[in-house]
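Structure first, commentary second.
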Amino acid sequence: MPELPEVEVICRGLEPNLLARTILAISFGTQAMRLPLPVEESALWITGQKITGVHRRAKFILIELASSATLMIHLGMTGRLNFFPAGSALAKHDHVRWLLDNHMELRFNDTRRFGSVQVIGPGQDKAGPFAGLGPDPFWSEFSAGYLAKLADGRKTPVKSFLMDNRVVTGIGNIYASEILFSSGVNPTKPVKKLTPREWQEIVVNSRLILNAAIACGGTTIADYVNSRGEKGLFQTKLQVYGRAGEACPNCGGQINQIRLGGRASFYCPACQPAPLTPVKMSKKRD
DNA sequence: CTAAGCGCCTGCATGC
DNA sequence: TGCATGCAGGCGCTTA
């Protein structure tokens, strides 16, 4: 479900409700998640601990405890984190509940179970789980030069490249299409063919669009809600995502939809012209 | 090494 | 009404 803006909005909503609270007890559901639920680790390092910080890294939500352990939550496609009065009725797909010292419970609900809940113990390498991840789009390392260097010699379509966590974290299927539209770059363009200017556009527009989406409370297509259960508003500002057949906001032409890496991808053929394909001399032309 | 495809899950919309 | 199909904000694994 959520990309960087949605996770960031959730994080910001969680922080004032979690900071300095103590986790009194933790309950786990019975359904298996993508990764095993951290029952033992929670008992050892999370229960009875005071919360000292709430942060985001990539699409992970990191809740730091006084024990120096970190609770690491990924929302996958349909994960939610919301507060409920302790003892109130459970919902279908509630998988983990953290009881706080104010008679409230933080609950992790995830219909499709693509999300995960993990614990990094006090003695474990804090950077370990993130080894191999690229920079956040807001970090200074995320630059035109960095992207061009990584792209060298590769023919990966630029949209798939931007969605690759090892390149840059947090950009998913919606914002990749939006960033490329704003940058005037065709999503199928092989990364080795992008110009320095195009990379620069992508860097600048990534930050502009992700920041705008955060300011709008994220994008709700189907079921995303923030920690207070509220929907985002950025879906009203999407230029191309989900708008196949509609008029391009820039030129009035028709927005096109294709599949790239198995994901729906939207672009304007006029504003984001397809890369020229080299003519194969061995094949007949018409 | 890269690139592409599948599978993990549930729920919803669509078409017959 | 039922049933089959395809699709969905992610991501890791397998296959060429």
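Naming convention: chains lettered A, B, ... in sequence-line order (proteins, then strands); numbering from 1 in each chain.
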Under 4.0 Å, counting only non-hydrogen atoms across every strand here, what does A/Tyr241 touch: a base, just sugar-phosphate, or nothing? sugar-phosphate
Who passes side-chain hydrogen bond (donor to acceptor under 3.5 Å, both in side chains) against A/Arg263, sequence neighbours left out? none
Who are the side chain to side chain contact (heavy atoms under 4.5 Å, CB included) partners of A/Leu24, not counting sequence neighbours? A/Thr22, A/Leu99, A/Asp101
Letter by letter from the 5' end, nucleotides 2-9 of chain B scores (B base, S sugar-phosphate only, - none; protein heavy atoms under 4.0 Å) SS----BB
Show me, range against range, the stems involving DNA chain C, built from at least 3 consecutive Watson-Crick or G-U pairs below 3.5 Å. B:2-8 with C:10-16, B:10-16 with C:2-8
At 4.0 Å (heavy atoms only), tell me whether A/Lys92 reaches a base, stays on the sugar-phosphate, or touches nothing. sugar-phosphate
Show which residues join A/Val204 in its hydrophobic cluster (side-chain heavy-atom contacts under 4.5 Å, direct or indirect), or state none. A/Leu208
Would you please name every residue forming a side-chain hydrogen bond (donor to acceptor under 3.5 Å, both in side chains) with A/Thr220, sequence neighbours left out? none
Inspect the surroundings of NZ in A/Lys231 and state if more than 12 heavy atoms from other residues, nucleotides or ligands are less than 6.0 Å away. no
Between C/dC7 (P) and A/Asp223 (CG): distance, integer Å: 18 Å
Does A/Met163 sit in a hydrophobic cluster with other residues, and if so which ones, taking ILVMFWY side chains as linked at heavy-atom separations under 4.5 Å, directly or through other members? none
Nearest-Å distance for atom pair CD/P, residues A/Gln257 and C/dA8: 7 Å
Could you state the CE-C1' distance from A/Met163 to C/dA8, rounded to the nearest angstrom? 12 Å
Test item: A/Gln272 side-chain N/O and A/Cys268 main-chain N/O as donor-acceptor pair under 3.5 Å: yes
A/Arg243: partners by salt bridge (charged side-chain N to carboxylate O under 4.0 Å, His left out), with sequence neighbours left out: A/Glu246
Within a radius of less than 6.0 Å around CZ of A/Arg197, do more than 12 heavy atoms belonging to other residues, nucleotides or ligands occur? no
Any base atoms under 4.0 Å from A/Asn165, or only sugar-phosphate, or nothing? Heavy atoms, all strands. sugar-phosphate
For a quick test of reading the model: is some side-chain N or O of A/His74 closer than 4.0 Å to OP1 or OP2 of C/dC11? yes
Spacing of the P atoms in C/dT5 and B/dC6 (rounded, Å): 16 Å
Using atom CD of A/Glu3 as one end and atom C1' of C/dA8 as the other, report the distance to the nearest whole Å. 12 Å
Atom pairs under 3.5 Å, N or O on each side, protein against nucleotides 13-16 of chain C: can you list them with distances?
none

Can you tell me the distance, in whole Å, between the NE2 atom of A/His93 and the C1' atom of B/dC12? 13 Å
Qualifying residues under side-chain hydrogen bond (donor to acceptor under 3.5 Å, both in side chains), relative to A/Arg56, sequence neighbours excluded: A/Glu8, A/Asp136
For A/Ile10 and C/dG10, what is the distance between atoms CD1 and P respectively, to the nearest whole Å? 13 Å
Residues in side-chain hydrogen bond (donor to acceptor under 3.5 Å, both in side chains) with A/Asn165, at least two apart? none
Whole angstrom value for the distance that separates C1' of C/dG6 from CZ of A/Arg263: 15 Å
Members other than A/Tyr267 in its cluster, when Ile, Leu, Val, Met, Phe, Trp, Tyr link by side-chain heavy atoms under 4.5 Å? A/Ile258, A/Leu260
Could you state the CZ-P distance from A/Phe130 to C/dG12, rounded to the nearest angstrom? 12 Å
